[in-house]
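We count residues from 1, following the sequence as given.
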Amino acid sequence: MEYRRVKDQESYDALSQKDIESPVERSLSSTSATSSLSTAGASKGKNSWKLKSIVTLLLTLLTSSQAILIVWSKRAGKYEYSVTTANFSVEALKCLLSLIALYRTWNSQGVTEDNRLSTSFDEVSVYPIPAILYMVKNLLQYYIFAYVDAPAYQILKNLNIISTGVLYRIILKKKLSEIQWAAFILLCAGCTTAQLNPSSDHVLQTPIQGWMMAIVMALLSGFAGVYTEAIIKKRPSRNINVQNFWLYIFGMLFNLVAICVQDFDAVMNKGFFHGYSFITVLMILNHALSGIAVSMVMKYADNIVKVYSTSVSMLLTAVVSVFLFGFHLSLAFFLGSTVVSVSVYLHSVGKPQPQK
């Protein structure tokens with residue numbers, strides 16, 4: 001939110017000075033002011049373009065490397081580290097980054113009602129549900145790679161656009177345009193085309209288990225996203241870092257439960273960070289920074305940037321996987337990813353316009 005300050009004394013002095021100027025001086029002053037405004041506008045536009053370019057590049061690199069780092073962190077086809085501890089580390093790092101952002105806000109704006117870390121029941125009771133949904137979805141993304149490769153994952157995770165759109169319509173009563181419904185159909189067709197396997201008896205490269213996990217992840221991600229937006233709209237003036245802090249706190253708690261249930265003996269005997277490598281650390285940093293990058297896109301860029309990043313990351317992941325994992329870049333995959341990119345674009349530009 002921007003605030004405009006009106007300086008009465010400066011305005012009065014400016015008017016007084018203008019009254020005693022000669023016509024020539026006024027002309028020169030007007031020309032100078034126009035030139036200054038043009039220069040300032042050009043400089044602002046250039047800086048905005050640079051910032052948007054940096055944000056786009058950052059989001060593209062983070063998105064495309066996410067699946068690659070997860071697959072790369074495997075050793076002999078399995079994870080040597082505990083995926084529950086990795087998930088906990090991601091939530092802890094995001095929580096720390098939210099606290100740092102809050103601290104900077106408190107220093108610049110002071111502690112207000114909207115950025116205060118309240119511990120009231122009404123404040124914190126709404127976060128456990130999305131936190132546990134995100135935890136299950138984030139854990140599933142490790143196990144889905146037993147059935148899909150990195151490029152296929154990049155394609156299939158776009159299914160959350162469909163689940164989010166349908167859940168928006170059902171829960172938040174948001175209207176979807178005809179273009180968006182058509183985009184959903186194109187998205188399904190693109191995902192299926194990219195998975196066609198002409199060199200095998202199996203029609204699709206991804207087995208049914210991979211498709212089921214992708215659909216479950218899409219539903220979890222969609223429902224968690226819709227629920228989180230409902231929370232934000234309940235109190236729109238609330239500082240986003242406060243909301244993120246409580247979401248990540250509950251994420252850490254639920255991941256601690258997951259560690260105790262799934263990997264308690266391994267963690268107690270071998271240590272919390274057993275099996276971690278440099279790639280594992282990069283993967284954790286990637287997951288934590290991806291959320292921040294999306295926030296930067298929402299603040300400094302626009303939705304087209306997300307579409308561009310999604311489209312480029314699918315192809316970039318496929319190209320890198322050719323060299324790292326011996327992925328075969330087929331015509332079906334290229335055509336399917338192109339259709340998915342077009343559907344994502346149509347879904348973005350096909351949003352219903354507000355009634356005037």
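- In this structure, NZ on K94 lies 4.5 Å from OH on Y248, to the nearest 0.5 angstrom.
- Not counting sequence neighbours, the partners of Y142 by the ring-ring contact (aromatic ring centres under 6.0 Å, His included) test are Y79.
- Using a 4.5 Å heavy-atom threshold, the side chains of S82 and F88 count as separate.
- Between L139 atom CG and L220 atom CG the span is 10.5 Å, to the nearest 0.5 Å.
- Nearest heavy atom pair, residue P128 against residue F254, reads O-CE1, 3.3 Å.
- Annotation for L186 and S343: closest pair CB-CB, 3.7 Å, computed over non-hydrogen atoms.
- Both V126 and V136 belong to a single network of hydrophobic side chains, linked directly or stepwise wherever heavy atoms of I, L, V, M, F, W or Y lie under 4.5 Å apart.
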Check against side chain to side chain donor-acceptor pair (under 3.5 Å), N244 and S98: CA-CA 7 Å; N244 285 342; S98 295; 4.7 Å; no
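- D114 contributes atom CG, which lies 11.5 Å from atom OG1 of T105 (distance to the nearest 0.5 angstrom).
- I208 and F145 fall into different hydrophobic clusters, where Ile, Leu, Val, Met, Phe, Trp and Tyr side chains are chained together by heavy-atom contacts under 4.5 Å.
- Residues satisfying the side-chain hydrogen bond (donor to acceptor under 3.5 Å, both in side chains) test with T280, not counting sequence neighbours, are S277.
- No single ILVMFWY cluster, assembled from side-chain heavy atoms under 4.5 Å apart, contains both L335 and I185.
- Considering only heavy atoms from C-beta on, W72 stays 4.5 Å or farther from M283 through its side chain.
- Looking only at atom types and distance, the side chain of E91 has no donor-acceptor partner in the side chain of Y134 under 3.5 Å away.
- Residues passing the side-chain hydrogen bond (donor to acceptor under 3.5 Å, both in side chains) test with W106, sequence neighbours excluded: N115.
- Counting all heavy atoms, side chain and backbone alike, M252 lies closest to C95 at SD-CB, 4.0 Å.
- Using a distance-only test at 3.5 Å, with no hydrogens or angles considered, no donor-acceptor pair links the side chain of K137 to the main chain of A224.
- Using a 4.5 Å cut-off between side-chain heavy atoms of Ile, Leu, Val, Met, Phe, Trp and Tyr, with links allowed through other members, I132 and F121 fall into different hydrophobic clusters.
- The side-chain hydrogen bond (donor to acceptor under 3.5 Å, both in side chains) check on S65 picks up N286, with sequence neighbours excluded.
- Nearest heavy-atom pair, A214 versus L156, reported as atom, atom and distance to 0.1 Å: CB-CB, 4.0 Å.
- Note: L282 CG to L69 CG = 6.0 Å, rounded to the nearest 0.5 Å.
- Shown here for G190 and V340, the closest heavy-atom pair between the two residues is C-CG2, 3.7 Å.
- Within a 6.0 Å radius of OH in Y103, other residues, nucleotides and ligands contribute 12 heavy atoms or fewer.
- Side-chain contact check for V216 versus I144: every heavy-atom pair is 4.5 Å or farther apart.
- Think of M268 as one node in a network of Ile, Leu, Val, Met, Phe, Trp and Tyr side chains linked at under 4.5 Å; its network also takes in F264.
- Residues L133 and Y227 fail the side-chain proximity criterion, which asks for heavy atoms closer than 4.5 Å.
- Counting heavy atoms from C-beta on, the side chains of V90 and N138 never come closer than 4.5 Å.
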The test is side chain to side chain contact (heavy atoms under 4.5 Å, CB included); show your working for L93 and H287 and say whether it passes. CA-CA 9 Å; L93 182 56; H287 280 73; over 6 Å; no
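- Atoms OG1 and CZ, on T112 and R238 in that order, are 8.0 Å from each other to the nearest 0.5 Å.
- Here K270 does not pair with E80 in a salt bridge; the nearest charged N to carboxylate O distance is not below 4.0 Å.
- Around atom CZ of F223, no more than 12 heavy atoms belonging to other residues, nucleotides or ligands sit under 6.0 Å away.
- Legend: residues meeting ring-ring contact (aromatic ring centres under 6.0 Å, His included) with Y276, ordered by chain and number and at least two apart, are Y81, F273.
- Taking both residues in full, the closest heavy atoms of S163 and A218 are given as OG-O, 2.5 Å, listed atom of the first, atom of the second, then distance.
- Aromatic ring pairs are classed by plane angle as parallel below 30°, tilted from 30° to 60° and perpendicular above 60°; the pair F250 and W246 is tilted.
- Checking side-chain atoms of S221 against main-chain N and O of M217 turns up no donor-acceptor pair under 3.5 Å.
- Considering CD of Q209 and CE of M212, their distance stands at 10.0 Å, rounded to 0.5 Å.
- Considering only heavy atoms from C-beta on, H274 stays 4.5 Å or farther from N269 through its side chain.
- When hydrophobic clusters are built by joining Ile, Leu, Val, Met, Phe, Trp and Tyr residues whose side-chain heavy atoms come closer than 4.5 Å, directly or via intermediates, L256 is grouped together with Y127.
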